[in-house]
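Below is one structure, written out as structure tokens; the observations come after it.
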Amino acid sequence: MLRGGPSRLSEPDLLTPEQIKAVRQSLKEVLVSHAFAGSKRTQDFLQLIVGHALEGEIDSLRERMIGAEMFGRPVSYDTGSDSVVRVRASDARKKLAQYYSEMKEEKPEVRIELPSGSYVPRFHFEPLETHAPTAPKGFHSVSAELPSPAPYEEQTVASPEAKAEPARAQPKKGIFHAPWVLAGVLVGLVVVAFIAYLGIRQWSSAADAKRGIRSIAILPLENLSGVPAQEYFADGMTEELINDLGQVSTLRVISLTSSMSYKGTKKKLPDIARELAVDGIVEGSVLREGNQVRISAQLIDARTDRPVWAHSYDRDLTSVLAWQGEVAQAIAEEISIKVTPEEQARLARKRPIDPEAQDLYLHGILRLEADDCRSAIDYLTKAIEKSPNYAQAHAALASSYGRMGESGRMPYKEAFTRQKAEAVKAIELDDSLSEGHAELGNTAMTLDWDWPAAAVQFHRALELNPNSASIRQKYAFYLVRTGQLKEALAQMERGVDLDPVAGSTFHAEGFIYYFSRQYDQALAVTRTVQGLKINPPDWSFLLGDIYVEKGMYAESIAEFLKAGNDPYPLGHLGNAYARAGQADAARRIIAHLEEHVRTTGVGRYEIALVYAGLGRKKDAFKWLEESYNAHDVGLVYLKVDPCLDPLRSDPDFDALMRRVGFTQ
């Protein structure tokens, strides 16, 4: 390292133009090296601080200023609780050390160092000719007001003030003439070499492991408050982290339902990883005290059961939802996963939220996960009243209304109109919100019958979050409804891959096979789940559909009788009675459905199914027309519903298909 008398960075002769050029060239080599591969944010960080140092802009290398320039923090942000710059600096130091250690015997012309406790880099220059230790003018180590470690002495070149002294021949000592001394030295060298080998091997193994992590499961964060009523908060933070990390397209992230199935489990991490087919596990905890939250998280390489990365975050409630973006970026860089600039921007977005609105939102999404849509709507509506610009709350409210409509718990037009309004509002507030685009895609199908528009929204939603099993499931149903059966099955297979222990995912997969007319495969799905240690869904409706198409009418009727008295199973039960030759029983079902239409507005499409089974086409088309006028959600299955096969040869059926937006 070139050393001299004290000098400030602002002095023009600090580094010669040749040395500045050498630093820039060395920086380029560092940034494209194996050590920095895939760590875009750390590359940007190092490039930023070296650039400012070479320009003499030391004031820009304070933590607060770096946080503002690179991470978009306000200049007045609290650096004590927000460690984003310190984390990035630590990562840069680690990767620089890795880079130079991999060079082995090769000595770089310039060695870039980031001293501990400082954000101002030092540049160590290798002398061109070791026998002529005359240094160029100036002080050639970039320093700062923060303390820096001592320079590397083996790289030191004399300062301008130092006078070269001729090398003196030293008398040879006879220390190696004694055989026992020589043997001891040799043994010592062997031991040192062996220890170095083990260290390099261990480091190499760890590096290979990190590079090999391409799939992750995030286990439910542990509630450390000791208050059971705070479980909703820890679970909500888990869901938000899954959603954020799921935006990294090059990483496979297990979806929420499967992850939450391990809440409170005593299973070992390698066993969980094996069940989910993942390389890494993220686990952690949440401690909430008043308006302060401490969240700790660590990434475990499940193949070795060793930690790869760990960090704690202290936040107040207004900024707690920003932490998962930082975690997602940190994990992606730690395992050298590529994160696109668009994904980085989305993960870094700031979302300050009113704490009370956030609490209501977290309660709402958990009620939505439990399919308690009315309670979810109540919580989410209150959250929006507290914070009208809460995009996630609008998207979740859209989902709640959509479920109410599709399940017949709310009149179709009312539900889907509200769903669309909330989805549009969510996207207006945050166009990068995948859930908002997915909900708008659903309403394009159910409300507008605009199938091309639905495709656009689903594609955008998956582009924003390719790891969302629920969005892939919605997209799969879009594909099967439009007759794209092979593509629908491919999406469901991907959904199962992302949510491998969720009964609801297999349930959806079974219906996709049913609408694809692959009845044996649909039946095989139900049997596969029986062999898995997961909570099975209620198969009665699906089994009833499968059995009736296989001509097993008695078995079908038995299953539908288990499915309850809602219009949907009743309609299919009536169809099964009709096809089994039990016309009187089918007509009794029609009477029940007509009562449902009078009281709830739901059941028109199902009456058409029963009349189709009875062979009464005129009555079937009458009720299909009623369904059209009521915007009955059943019409989205017009193209693929096997129960309507007796009507497909009629020209009126083709006309109805066109009115609902389907093309042949």
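With a 6.0 Å radius and a threshold of 12 heavy atoms from other residues, nucleotides or ligands, R409 has its CZ atom above the threshold.
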Please table the atom pairs, donor to acceptor, closer than 3.5 Å between any side-chain atom in residues 274-284 and protein atoms at least two apart or in another chain.
{"residue": "R274", "atom": "NH2", "partner": "D271", "partner atom": "OD1", "Å": "2.3"}
{"residue": "E275", "atom": "OE1", "partner": "Y262", "partner atom": "OH", "Å": "2.5"}
{"residue": "E275", "atom": "OE1", "partner": "K267", "partner atom": "NZ", "Å": "3.0"}
{"residue": "E275", "atom": "OE2", "partner": "K267", "partner atom": "NZ", "Å": "2.8"}
{"residue": "D279", "atom": "OD2", "partner": "R214", "partner atom": "N", "Å": "2.9"}
{"residue": "D279", "atom": "OD2", "partner": "S215", "partner atom": "N", "Å": "3.4"}
{"residue": "D279", "atom": "OD2", "partner": "S215", "partner atom": "OG", "Å": "3.3"}
{"residue": "E283", "atom": "OE2", "partner": "Q298", "partner atom": "NE2", "Å": "3.1"}

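Between K420 and Y401, the closest side-chain pair of non-hydrogen atoms is not below 4.5 Å. With contacts defined as side-chain heavy-atom distances shorter than 4.5 Å, the pair R472/Y475 does not qualify. Within the 4.5 Å cutoff, the side chain of I471 has heavy atoms near those of the S434 side chain. Within the 4.5 Å cutoff, side-chain heavy atoms of T417 are placed close to those of L447. Counting only heavy atoms from C-beta outward, the side chains of L368 and R403 approach each other to under 4.5 Å. The shortest distance between side-chain heavy atoms of F458 and L440 does not fall below 4.5 Å. With a 4.5 Å cut-off on side-chain heavy atoms, Q484 and Y478 count as touching. Using a 4.5 Å cut-off on side-chain heavy atoms (C-beta onward), I216 and I218 make contact.
Contact detail for G364 and A376: the closest heavy-atom pair is O-CB, 3.5 Å. For A522 against I546, the heavy-atom pair with the smallest separation is CB-CD1, 3.6 Å. Among all heavy-atom pairs drawn from L523 and T526, the shortest one is O-OG1, 2.6 Å. Across N465 and G246, no two heavy atoms sit closer than the pair OD1-O, 2.9 Å. Across all their heavy atoms, A454 and M445 have their closest contact at CB-CG, 3.7 Å. Shown here for V525 and F506, the closest heavy-atom pair between the two residues is CG1-O, 3.4 Å.
One N or O on the side chain of N223 and one on the backbone of V227 form a donor-acceptor pair closer than 3.5 Å. Looking at S556, its side chain never comes within 3.5 Å of a backbone N or O of M552 through a donor-acceptor pair. Between the side chain of S400 and the backbone N or O of A396 there is at least one donor-acceptor pair closer than 3.5 Å. A distance-only check finds no donor-acceptor pair linking the side chain of H311 to the backbone of A330 [under 3.5 Å]. Put simply, the side chain of N467 never gets that close to the backbone of Q247: no donor and acceptor are under 3.5 Å apart. Listed for the S258 side chain is no donor-acceptor partner under 3.5 Å among the backbone atoms of S255.
Y637 and F477 have perpendicular rings, their planes meeting at more than 60° on a 0 to 90° scale where under 30° would count as parallel. Ring geometry for F541 versus F511: interplanar angle over 60°, hence perpendicular rather than tilted (30 to 60°). Using cut-offs of 30° and 60° on the angle between ring planes, the pair H572 and F560 is tilted.
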* To do: Test side chain to side chain contact (heavy atoms under 4.5 Å, CB included) on I377 and M404 and set out the steps.
  => CA-CA 10 Å; I377 289 171; M404 291 289 282; 4.1 Å; yes
* Are N389 and H394 close enough, and set up right, to give a side chain to side chain donor-acceptor pair (under 3.5 Å), and what steps lead you there? -> CA-CA 8 Å; N389 293 332; H394 284 285; over 6 Å; no
* To do: I would like to know whether R288 and D359 meet salt bridge (Lys or Arg N to Asp or Glu O under 4.0 Å); could you show each step before the answer?
  => CA-CA 12 Å; R288 176 178 175 180; D359 257 10; 3.0 Å; yes
* **Residue pair Y568, E406: steps toward the side chain to side chain contact (heavy atoms under 4.5 Å, CB included) verdict** => CA-CA 10 Å; Y568 296 168; E406 292 202 31; 5.7 Å; no
* **Verdict with supporting geometry, K474 and E439, salt bridge (Lys or Arg N to Asp or Glu O under 4.0 Å)** => CA-CA 9 Å; K474 291 173 183 176; E439 295 306 319; 2.5 Å; yes
* **R306 and D301: CA distance, side-chain angles, deciding distance, salt bridge (Lys or Arg N to Asp or Glu O under 4.0 Å) verdict** => CA-CA 5 Å; R306 292 180 178 178; D301 186 331; over 6 Å; no
* Any chance you could lay out the side chain to side chain contact (heavy atoms under 4.5 Å, CB included) test for L485 and F515, step after step, and finish with the verdict? => CA-CA 8 Å; L485 307 180; F515 285 118; 5.7 Å; no
* Full working for salt bridge (Lys or Arg N to Asp or Glu O under 4.0 Å) between E385 and K382 -> CA-CA 5 Å; E385 289 172 356; K382 290 177 180 177; over 6 Å; no
* To do: Give the intermediate values and the outcome of side chain to side chain contact (heavy atoms under 4.5 Å, CB included) for residues I213 and V308.
  => CA-CA 10 Å; I213 295 178; V308 172; 4.3 Å; yes
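None of L219, I272, T238, I254 except one satisfies the side-chain contact (heavy atoms from CB on, under 4.5 Å) rule with S259; the exception is I254. Considering D497, I512, V480, L479 in turn, I512 is the only one that fulfils the side-chain contact (heavy atoms from CB on, under 4.5 Å) rule with M492.
A donor-acceptor pair shorter than 3.5 Å can be found between the side chains of T42 and R88. In summary, the side chains of S516 and Q518 do not present any donor paired with an acceptor at a separation below 3.5 Å, with no hydrogens or angles considered. Remark: the S468 side chain and the S470 side chain contain an N/O donor-acceptor pair separated by less than 3.5 Å. Checking D545 against Y519 by side-chain atom types alone, no donor-acceptor pair falls below 3.5 Å.
Atoms CZ and CG, on R294 and D314 in that order, are 4.0 Å from each other to the nearest 0.5 Å. Atom OG in S399 sits 8.5 Å away from atom CD in E369 (nearest 0.5 Å). Between the CG atom of L635 and the CZ atom of R481 there is a distance of 11.5 Å, given to the nearest 0.5 Å. The distance from the CG atom of L256 to the CG atom of L498 is 12.5 Å, given to the nearest 0.5 Å.
Aromatic ring centres of Y361 and Y390 lie closer together than 6.0 Å.
Contact check on E422 versus R418 returns no salt bridge, with no Lys/Arg side-chain nitrogen under 4.0 Å from an Asp/Glu carboxylate oxygen. Contact check on D378 versus R374 returns no salt bridge, with no Lys/Arg side-chain nitrogen under 4.0 Å from an Asp/Glu carboxylate oxygen. Salt bridge absent: D538 and K562 never bring a charged side-chain N and a carboxylate O closer than 4.0 Å. Between K386 and D354 no salt bridge is recorded (no basic side-chain N to carboxylate O distance below 4.0 Å).
Evaluation of the salt bridge (charged side-chain N to carboxylate O under 4.0 Å, His left out) rule for K263 yields E231, D235 as partners, not counting sequence neighbours. Taking the salt bridge (charged side-chain N to carboxylate O under 4.0 Å, His left out) definition, one finds that K425 meets it with nothing, sequence neighbours left out.
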